[in-house]
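Take a look at the structure set out below.
Scope of the values below: all heavy atoms of this structure, side chains included, with no hydrogens, waters or symmetry mates.
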Amino acid sequence: MQWTLVIPLKPLARAKSRLADTASDGLRPGLALAFAQDTVAAALACPAVKDVAVVTDDALAGRELGSLGARIVSDEPSGGLNAALAHAAAVVRETRPESAVAALNADLPALRPLELARVLDAATEFRRAFLPDAATIGTTLLTAREGEELLPAFGMDSRARHRASGAAELTLDAVDSVRQDVDTGADLRAALALGVGPRTAAAAARLLIPGQ
């Protein structure tokens, strides 16, 4: 089974506010874009991924991620993250109703294509499934097989919310790169320790990160 990934990205000027203790206002938009670029590039290199749709209204992000090969879907109806993901999944299935769809975070700069493939292969056993983040509170990936609604419930305590929605929790070892999203300085240090993509590495080189 091959998947269409839907990746949401808010306007870069508002992205990654929790990195304020690590990156200045002037650096955070570039860092958020670098995270997304490395995430999309790794996703497109994954053998289990057919294509990638990025949900964003940010013009710069749209151009840069589109140049990598992602399809750009407008953020409609501007009702927040979950509404944007549901809209993008519907857009994908307008032309390919049989598609297996997965929502993936845009802030996985250490993402490894083969680790993502392992997670997606495990998800084929379930109608809907999700992977908890490294903090075991949130979610980095939510999947829906063909014919199933995605029903995204991202946000605070999304691990518990996705479990309550009936999605199966994936419990896999050695897929740290798919679980390590970046919201805080500590998250960024953890991602750097795993080994990030080239764009994040270049952006992070401008920061003074203790322990880097």
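Remark: the backbone N or O of Arg93 is not paired with any side-chain donor or acceptor of Ser99 at under 3.5 angstrom. Although no hydrogens or angles enter the test, the distance criterion places no donor-acceptor pair under 3.5 Å between the side chain of Arg199 and the main chain of Asp38. Judged by distance alone, the side chain of Arg118 and the main-chain N or O of Asp173 form a donor-acceptor pair under 3.5 Å. Between the side chain of Thr184 and the main chain of Asp187, a donor-acceptor pair closer than 3.5 Å is present.
With rounding to the nearest 0.5 angstrom, the CD atom of Glu115 is 12.0 Å from the CG atom of Leu120. In this structure, the separation between CG on Leu142 and CZ on Phe130 is 8.5 Å, given to the nearest 0.5 Å. Annotation: the span from Ile137 atom CD1 to Arg159 atom CZ amounts to 9.0 Å, rounded to 0.5 Å. Here Gln2 contributes atom CD and Thr124 contributes atom OG1; the two are 12.5 Å apart, rounded to the nearest 0.5 Å. Interatomic distance, CZ of Arg145 versus CZ of Phe126, reported as 10.5 Å (0.5 Å rounding). In this structure, Leu188 CG and Thr200 OG1 are separated by 8.0 Å, a value rounded to the nearest 0.5 Å.
Counting only heavy atoms from C-beta outward, the side chains of Thr139 and Asp133 never approach each other to under 4.5 Å. Side-chain contact check for Leu141 versus Val119: some heavy-atom pair is nearer than 4.5 Å.
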- request: Test Val49 against Leu116 for side-chain contact (heavy atoms from CB on, under 4.5 Å), laying out the working first.
  value: CA-CA 9 Å; Val49 173; Leu116 176 59; 4.2 Å; yes

message: Set out, in order, the CA-CA distance, both residues' side-chain angles and the distance that settles side-chain contact (heavy atoms from CB on, under 4.5 Å) for Leu81 and Val55, then state yes or no.
response: CA-CA 9 Å; Leu81 174 59; Val55 193; over 6 Å; no

task: Give the intermediate values and the outcome of side-chain contact (heavy atoms from CB on, under 4.5 Å) for residues Lys16 and Asp183.
output: CA-CA 6 Å; Lys16 297 299 155 195; Asp183 288 318; 3.1 Å; yes

message: Quick one, Phe154 with His162, criterion side-chain contact (heavy atoms from CB on, under 4.5 Å). Give me CA distance, side-chain angles, the key distance, then yes/no.
response: CA-CA 8 Å; Phe154 288 88; His162 283 132; 4.0 Å; yes

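Salt-bridge formation is not detected for the pair Glu148/Arg128: no Lys NZ or Arg NE/NH1/NH2 atom is positioned less than 4.0 Å from an Asp or Glu carboxylate oxygen. Using a cutoff of 4.0 Å between basic side-chain nitrogens and carboxylate oxygens, Asp51 and Arg96 are scored as salt-bridged.
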Under 3.5 Å, which donor-acceptor pairs do the side chains of residues 64-75 form with other protein atoms, sequence neighbours left out?
from  : atom 1 : to    : atom 2 : distance (Å)
Ser67 : OG     : Glu64 : O      : 2.6
Ser74 : OG     : Glu76 : OE2    : 2.8

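In summary, of the residues considered (Leu111, Val40, Val6), a side chain to side chain contact (heavy atoms under 4.5 Å, CB included) with Leu104 occurs for Leu111 alone. Residue Pro11 forms a side chain to side chain contact (heavy atoms under 4.5 Å, CB included) with just one option from Asp58, Asp57, Thr56, Leu60, and that option is Asp58. Considering Asn105, Leu108, Thr136, Leu170 as possible partners of Arg179, the one that fulfils the side chain to side chain contact (heavy atoms under 4.5 Å, CB included) test is Thr136.
Looking at every heavy atom in both residues, Pro47 comes nearest to Pro113 through CD-O, 4.3 Å. Pairing each heavy atom of Leu207 with each of Thr22, the nearest pair is CD2-O, 3.9 Å.
Open room surrounds CD on Glu149; 12 or fewer heavy atoms of other groups in view lie less than 6.0 Å from it. Residue-environment remark: CZ (Arg127) stays at or below the threshold of 12 foreign heavy atoms within 6.0 Å.
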